[in-house]
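Not measured: the values here are computed from a predicted model. When a residue number appears, it is its place in the shown sequence, counting from 1.
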Amino acid sequence: MSNMLLEAKEVHTYYGASHILHGIDFSIREGEGIALMGRNGMGKSTLIKSMLGIVRPRHGRVLVRGDDYSRARTFQTAQQGIAYVPEGRGIFKSLTVRENLLMSARAGIDGRREWTFERVMETFPRLGERINNGGWQLSGGEQQMLTIGRALMTNPDLLILDEATEGLAPLIAMEIWRIVKEIRRTGIATVIVDKNHGAVTSICDRAMILVKGQVVFDGTSDEIRAQPELIQKHLGV
Ligand SMILES: Nc1ncnc2c1ncn2[C@@H]1O[C@H](COP(=O)(O)OP(=O)(O)OP(=O)(O)O)[C@@H](O)[C@H]1O
C-alpha cells in the first residue's frame, strides 16, 4: 500500500452555531484520485477547508503524512506538497500569465522539479498563446487553466480541485477534463469536486458522497457506477 497523504478523523466543523460537518472520516493515499460528491451545501468545500486549516474544525484531527496538522497554518500544510485550487479561481489579475506561473514555482517536498514553466505550457496550449496577456484579459476557462497550472508549478503530491469546471462552456470543460486526466496519469493524488459525476468517477478510483455533513458512501468508482439509484438519491436533481 502506498503512503497516506491526508486524513480527516472524526472532524466536526461549525460556522458559528451552525454544525456543518458531523464527524467526517476522510483519507487519501499517494497517487489516489477521489471524487468528492454531494449536492450543493452538503459540506464538500467545508471538508476541504477544514483539512487545509482554512476553517478550523471544533473536534477531530487532521493528519498530513501521518503527522498531526490539526493546528497547523494553511501555508504549513501547503508546504507538505498539497496544492488547492479553490472554487471561483483566484489568479492575480494584474499580472501576466507568465508572471502568475513563475511566482508559484517551487520544488516538491522531495526536491522534484517535474513541473516546469515549459511543461505547463505544453500541457495548456491555450495558455501558451496568452503568455504575455494580463490575467484580466483571460476568459473564465483560461483563468481556470492558469489556476491549475499555478498549482502544478508547486510540484505537488496532492492537487485539490473544487468545482474546476463550474460555469465553463462544455468544450472548455472538456479541455479541463483532458488536462486533469493527464495530471492523474503522472501519479499526482487528486481530490476533485464537480457536478459532472460521470467525468469525476471516470477519472478517480474512489468516490465519496456527503449528505448534510456526513459520509453516506465511500467506495470505489466502479461500486458507485453499479448503483445508479444511489447517485439518483443523493446527487440527482
Ligand atoms: N463562511 C460561511 N459561513 C456560514 N455558513 C457557511 C459558510 N460557508 C458555507 N456555509 C454553509 O455551510 C454549508 C456547507 O457549505 P459548503 O460550501 O461546504 O458546501 P458544498 O457541499 O461545498 O456545496 P457548494 O457546492 O454549494 O459549495 C452550507 O449550508 C453553507 O451555506
Heavy-atom side-chain proximity of Arg150 to Val85 below 4.5 angstrom
no
> Any side-chain heavy atom of Val215 sitting closer than 4.5 Å to one from Asp25?
Replying inline: no
Whether the side chain of Gln144 engages the backbone of Ala164 through a donor-acceptor N/O pair (distance < 3.5 Å, no angle test) should be reported. yes
Counting only heavy atoms not in Lys195 (residues, nucleotides, ligands), do more than 12 fall under 6.0 Å from its NZ? yes
Worksheet item: Would a hydrophobic clustering, with Ile, Leu, Val, Met, Phe, Trp and Tyr connected at side-chain separations under 4.5 Å, put Ile131 with Leu102?
Response: yes
Margin query: Taking the side chain as everything from C-beta on, heavy atoms only, tell me whether Arg119 gets closer than 4.5 Å to Thr116.
Written below: yes
**Asked** Is there a donor-acceptor pair under 3.5 Å between the side chain of Asn155 and the backbone N or O of Arg106?
**Response** yes
Please answer whether the main-chain N or O of Arg56 pairs with a side-chain N or O of Arg71 as donor and acceptor at a distance below 3.5 Å. no
Sorted by chain and residue number, the side-chain hydrogen bond (donor to acceptor under 3.5 Å, both in side chains) partners of Gln227 (sequence neighbours excluded) come out as none
| request: Look at Arg126 together with Glu175 and state whether they make a salt bridge at an N to O cut-off of under 4.0 Å. | output: no
Next on the checklist: Less than 4.5 Å apart, side chain to side chain, heavy atoms only: is that true for Ile172 and Met145?
Outcome noted: yes
**Request:** For the residue pair Thr201 and Ile231, establish whether any side-chain heavy-atom pair is separated by less than 4.5 Å.
**Result:** no
Rounded to the nearest 0.5 Å, the CG atom of Leu235 sits from the CE atom of Met37 at a distance of 5.5 Å
Output for pair (Tyr14 OH, Leu21 CG), nearest 0.5 Å, gives 10.5 Å
Side chains of Thr186 and Glu114: donor-acceptor distance under 3.5 Å anywhere?
no
Check whether any side-chain heavy atom of Pro57 sits under 4.5 Å from a side-chain heavy atom of Thr13, and report yes or no. yes
For Val211, the side chain to side chain contact (heavy atoms under 4.5 Å, CB included) test, sequence neighbours excluded, returns Met42, Ile209, Val216, His234
Is it the case that the side chain of Arg65 and the backbone of Gln80 share a donor-acceptor pair, with hydrogens and angles ignored and the cut-off at 3.5 Å? yes
Mind checking whether Ile28 and Met4 sit in one hydrophobic cluster, side chains of I, L, V, M, F, W, Y counted as touching below 4.5 Å? no
*More than 12 heavy atoms of other residues, nucleotides or ligands under 6.0 Å from CZ of Arg73: is that the case?*
no
Sorted by chain and number, sequence neighbours left out, ring pair (Phe, Tyr, Trp, His ring centres under 6.0 Å) with His12 holds for His19, His59
Closest non-hydrogen atoms of Gly31 and Ala189, given as atom of the first, atom of the second and distance, are N-CB, 3.5 Å
When rounded to the nearest 0.5 Å, the distance separating CG of Asp218 from OG of Ser27 is 7.0 Å
inquiry  = Is any side-chain heavy atom of Arg112 closer than 4.5 Å to one of Asp157?
reply    = yes
Residues passing the salt bridge (charged side-chain N to carboxylate O under 4.0 Å, His left out) test with Asp67, sequence neighbours excluded, are none
Self-check item: Side-chain (Thr165) to main-chain (Leu168) donor-acceptor, under 3.5 angstrom
Solution: no
In short, Val97 meets Leu127 closest at the heavy-atom pair CG1-O, 4.2 Å
Note: with side-chain heavy atoms under 4.5 Å as the link, the other cluster members for Leu95 come out as Phe92, Met103
(request) Run the salt-bridge test on Arg29 and Asp205 with the 4.0 Å N-O cut-off and return the result as yes or no. (result) no
Hits for side chain to side chain contact (heavy atoms under 4.5 Å, CB included) against Ile20, two or more places apart or cross-chain, chain-then-number order -> Tyr15, Ser18, Thr46
One should read off an interatomic distance between Ile183 CD1 and Leu161 CG, to the nearest 0.5 angstrom, of 7.0 Å
Under 4.5 Å between side-chain heavy atoms, hopping through other hydrophobics if needed: is there a path connecting Met174 to Val193? no
NZ of Lys44 to CD1 of Ile24, rounded to nearest 0.5 Å, is 11.0 Å
Short question: side chain of Thr96, backbone of Asn133 - any donor-acceptor pair under 3.5 Å?
no
Residues Val200 and Ala35: closest non-hydrogen pair is CB-CB, 3.8 Å
Q.
I'd like to know if Asp68 and Arg61 make a salt bridge, using a cut-off of under 4.0 Å between side-chain N and carboxylate O.
A. yes
Practice problem: State whether the side chain of Ser221 and the backbone N or O of Ser202 hold a donor-acceptor pair below 3.5 Å, judged by distance alone. | Solution: no
- Query: Would you call Arg130 and Leu138 a side-chain contact if the rule is heavy atoms closer than 4.5 Å?
  - Reply: yes
request  = Test Arg178 against Glu182 for salt bridge (Lys or Arg N to Asp or Glu O under 4.0 Å), laying out the working first.
outcome  = CA-CA 6 Å; Arg178 177 193 69 74; Glu182 206 171 308; 2.9 Å; yes
